[in-house]
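Labels below follow one simple rule: chain letters A, B, ... track the order of the sequence lines, proteins then strands, and each chain is numbered from 1.
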Amino acid sequence: MSERKDFLRTIVEEDLKAGKYKEVITRFPPEPNGFPHIGHAKSIAINFGIARDYNGHCNLRMDDTNPTTEDTKYVEALKDAIEWLGFEWHGNVRFTSDYFPKLYEYAITLIKMGKAYVDSIDEEEMREFRGTVTEAGKRSKYGERTVEENLDLLERMKKGEFKDGEHVLRAKIDMSAANMKMRDPLLYRIRHAHHFRTGNEWAIYPMYDFAHCLSDYIEGISHSICTLEFENNREIYDWVLDTLELEPPRPYQYEFARLGINYTVMSKRKLLELVEGGQVNGWDDPRLPTIAGYKRRGYTPESILTFCDQIGIAKANSMVDVAQLEFCIRDDMNPKVPRVMCVLDPLKVTIENYEGSEEIDASYYPDDVPKEGSRKLPFSREIYIEREDFSETPPKGYFRLTPEQPVRLKHAYIISCKEVIKDDNGRIIEIKAEYYPASKSGSDTSGIKVKSAIQWLDAKAAKTVEVRLYDRLFSSEAPEGVEDINPNSLEVIENALIEPAVINEKPDERFQFERQGYFYADPIDYSDENPVFNKIVGLKDSWGKKKKSPKQEQKPQAKKEQIDGEVAAMSESEQARYDRYTSELKLNSEVANTLARDEKLSSFYEEALSTLHSPVALANMVSNEVARELKENDVDTLKFSAKQVAELVRMLDEETISGKIAKQVFEEMVKSGENPTQIVEAKGLIQISDPAIIAPIIDEIIAKNPDNVAKFKAGNTKLLGFFVGQVLKSTGGKANPKVVNALVAEKLH
RNA sequence: UGGGGUAUCGCCAAGCGGUAAGGCACCAGUUUUUGGUACUGGUAUUCGGGGGUUCGAAUCCCUCUACCCCAUCCA
């Protein structure tokens, strides 16, 4: 478990501590209507991860309430994804369809309570009756149906007596609710369709908002975690469970931001378009962000999970950089995978002073990877190197082979270029080279310094392989659709060369092709006759980057100008109050404004003012602290009174307590409604202003923090606050901060 | 436009009135027979803007702005 908690884990811990649930039970509830992608992986990591961290469990539930879009092949894909990621669901796979009978019973209960009715208007009318975001809707006349009528109709709907769309069951809530979702949401619709599990048994199917909360409840879920777009649905979730007066405990819903990654798309619709439009080769195309795609490409489950862990969980819509994912897979591969040599674009090199052949022993792992294993590298007169590793006219900073610059053949000898052979078009077709016999890797006595070591392959022994190079599927950071597709996202190299050990010995299925990247033996297309490797990800390439963009000028974008909107005008009475507050009571305009514009606040203020004539201090307290409490509550639900607030301010005025303590006392009043004087007395919160008491505490703090003293003296004046904070902390907030400030400043100078 | 959310470095993200964590990316240096890895150091005088409260504000109050979600018999 990561030691730093996200907001969901914080909630779970609080609930556990409060004894709200015996056990944490989460669920991963996909609709089986598409292939899971890395966004699902995030949700899986959260739900299964939380269950694991708190010794609870996580269910897998297929939310199969819409028979027309769902299919059993998707449930298999979903199960595969979870297993591949290494999680285990609790018990059997659950299906919302398992609960159809129970759900139906709950619907009947709701009807009997007068909380649901059968509506029989058509879709168009329903839309009209729903109103708009700014206008209230109205209930159809069918809302008046009797319980008996509703019961009868629902039963006949279930039996299949009506056609699709003739009737629906709706919750009877509020057609003028500000939350559109609460305007009598649909609970059931008629659907004469074949369901992949229940067949033709049901003619009616529950809607998400009805089925989901109850399925959670039925399974004993404690924390129902979903994505942000369901925030508005939470109110129905609560309404259904509360209205039914179910036996506690009941689940609560929490939302987090779904995952977005740049240069790709994540919506089911867009993914489907790509697959069906033939832009990619199926759901497991390695360029797709589907779990099947990552798996086929060679990503490991560990790397995906690490990624999910690194990006965190929050509520801000965000777009994660693919570089973060790429880092995770590289980081996972680096210490695990054998290094091997592969040449993608071969250039022939003839070593003119070499006769015969030999086999060179070479470790699969570099010195910094503590793993054992090696293979034989055939070596003879004719070899291939990467075309990019030779340059006749090298750019500045080029480390590889040139007519003037020798290079090491990795694990073998140093060579230098003697002659460049070109064809009629001026294309280089061969290099004539010379090797240094004394330079053999491991026993080099030549004393020749080279700037780099390159991969190479013996011409006769090298094996031909197919290598598939993948680049990002889209060229735009936030692709809209097909028009943003990167035309070069797939490059197939049919005749790459690889060392024979990779094919013959098969030391692993994932490799680092030295200096190129990590590659994976394609699980489907690979055969001994036609080996195929997928590029998982390239190595970091600081040379390639430098070449492409010599200087990446990062101009700091100018701070964007913010336009201030109009502030709503004050009404006449508000204006009158404002004028009186500023002129008569000498309040500053901001405080007066806050008070004057709020009916509740101003009357509270004036009531307090009648007890204590301290207009400014009172105004500050009311417009800041009391305002917070009055935001969501009415005056009569508050536990404290205006009189008590006045009392608190009086203590402040008399300097019995500090402003800091006043806040603390106020919090207490909000919770308990106790008198401020009593709170202060009971907790001994009276302010300490005597320097004789404070000074020794400061000395102690200074003695304990020599580093910070030094930093302060070096000019970090922010640290004054640190010292004041420490002193206040050790006095329980009671030290008079003004005195502390003065004393600390004095002692540190 | 009503309601519900969100805003902290180029990208994620901690932070809950007392020194602006961390990761990715980036830059520099050291090591290196991978221009990889590893290691070291550098990157926010400032938290969407403006006010206010406070000895002290990213954190509390007011206000403005931008973005996301909601008017499927989808989930």
Nearest-angstrom distance, P atom, B:rC61 to B:rG5: 15 Å

Ring-on-base stacking B:rG35 with A:Phe399 (under 5.5 Å, under 30°): yes

Audit row: A:Tyr237, A:Asp216, side-chain hydrogen bond (donor to acceptor under 3.5 Å, both in side chains) steps and yes/no: CA-CA 10 Å; A:Tyr237 190 102; A:Asp216 282 346; 2.7 Å; yes

Among B:rC55, B:rU37, B:rG2, the one nearest A:Asp368 by side-chain distance: B:rU37

Interatomic distance at C1', B:rA21 relative to B:rC16, whole Å: 15 Å

Base of B:rA75 and ring of A:Tyr208 stacked, centres under 5.5 Å, planes under 30°: no

Any A:Ser542 side-chain nitrogen or oxygen under 4.0 Å from OP1 or OP2 of B:rG36: yes

Nearest to side-chain heavy atoms of A:Leu539, which nucleotide of B:rG5, B:rU33, B:rU34: B:rU34

Presence of A:Arg515 side-chain N/O under 4.0 Å of B:rG35 phosphate oxygens OP1/OP2: yes

Pair A:Phe511 and A:Tyr364, ring centroids less than 6.0 Å apart: no

Residue A:Ser452, side-chain heavy atoms: nucleotide from B:rC26, B:rG35, B:rA13 that is nearest: B:rG35

Chi class for B:rU72: syn within 90° of 0, otherwise anti: syn

Donor on one side chain, acceptor on other, A:Asp119 and A:His167, under 3.5 Å: no

B:rG51 to B:rA20 separation - C1' atoms, rounded to the nearest Å: 23 Å

Touch class at under 4.0 angstrom, heavy-atom based, for A:Lys729 against every strand present: nothing

Modelled atom types, side-chain donor and acceptor of A:Asn232 and A:Asn179, under 3.5 Å: no

Any A:Lys42 side-chain N or O less than 4.0 Å from OP1/OP2 of B:rC12: no

Whole angstrom value for the distance that separates C1' of B:rU53 from CG of A:Leu618: 14 Å

Short side-chain donor-acceptor distance under 3.5 Å, A:Asp444 and A:Tyr413: no

Atom-to-atom span, CH2 of A:Trp543 to P of B:rU32 - whole angstrom: 21 Å

Spacing of the P atoms in B:rG4 and B:rU46 (rounded, Å): 34 Å

Options B:rU37, B:rG23, B:rG5, nucleotide nearest the side-chain atoms of A:Gln310: B:rG23

Any donor-acceptor N or O pair under 3.5 Å, side chains A:Arg597, A:Asn593: yes

Sugar-phosphate, base or nothing in reach of A:Glu514, heavy atoms under 4.0 Å: base

Separation of the C1' atoms in B:rU1 and B:rA44, to the nearest angstrom: 37 Å

Length of the line joining A:Lys718:NZ and B:rC47:P, which is rounded to integer Å: 12 Å

Between B:rC12 and B:rC55 - P atom distance, rounded Å: 38 Å

Closest to the A:Ser318 side chain, choosing from B:rA75, B:rC26, B:rA13: B:rA13

Nucleotide nearest A:Ile311 when distance is taken to its side chain, options B:rC12, B:rC74, B:rU34: B:rC12

side-chain N/O A:Lys315 vs B:rA7 OP1/OP2, d < 4.0 Å: no

Atom P, compared across B:rC24 and B:rG42: separation rounded to whole Å: 16 Å

Close side-chain approach of A:Val168 and A:Met126, heavy atoms under 4.5 Å: yes

Side-chain donor/acceptor of A:Arg234 to backbone N/O of A:Asp238, under 3.5 Å: no

Gap in Å between the two C1' atoms, one belonging to B:rG36 and one to B:rU43, rounded: 24 Å

OP1 or OP2 of B:rA75 under 4.0 Å from side-chain N/O of A:Arg189: yes

Of A:Lys540 and A:Tyr188, the one whose closest RNA chain B nucleotide lies more 5': A:Lys540

From B:rG36, B:rA13, B:rC55, nucleotide with atom closest to A:Val724 side chain: B:rC55

Residue A:Phe327, side-chain atoms from C-beta onward, closest of B:rA25, B:rC55, B:rC73: B:rA25

Under 4.0 Å protein heavy-atom contacts per nucleotide of nucleotides 59-72 of chain B, with B for base, S for backbone only and - for none: -BBBSSB--SBSBS

Side-chain N,O (A:Lys545) to OP1/OP2 (B:rC26) below 4.0 Å: yes

Phosphate OP1/OP2 of B:rC74 contacted by A:Arg191 side-chain N/O (<4.0 Å): yes

A:His411 versus A:Ser441, side-chain donor and acceptor atoms under 3.5 Å: no

Near-ring test A:Phe7/A:Phe256, centroid separation under 6.0 angstrom: no

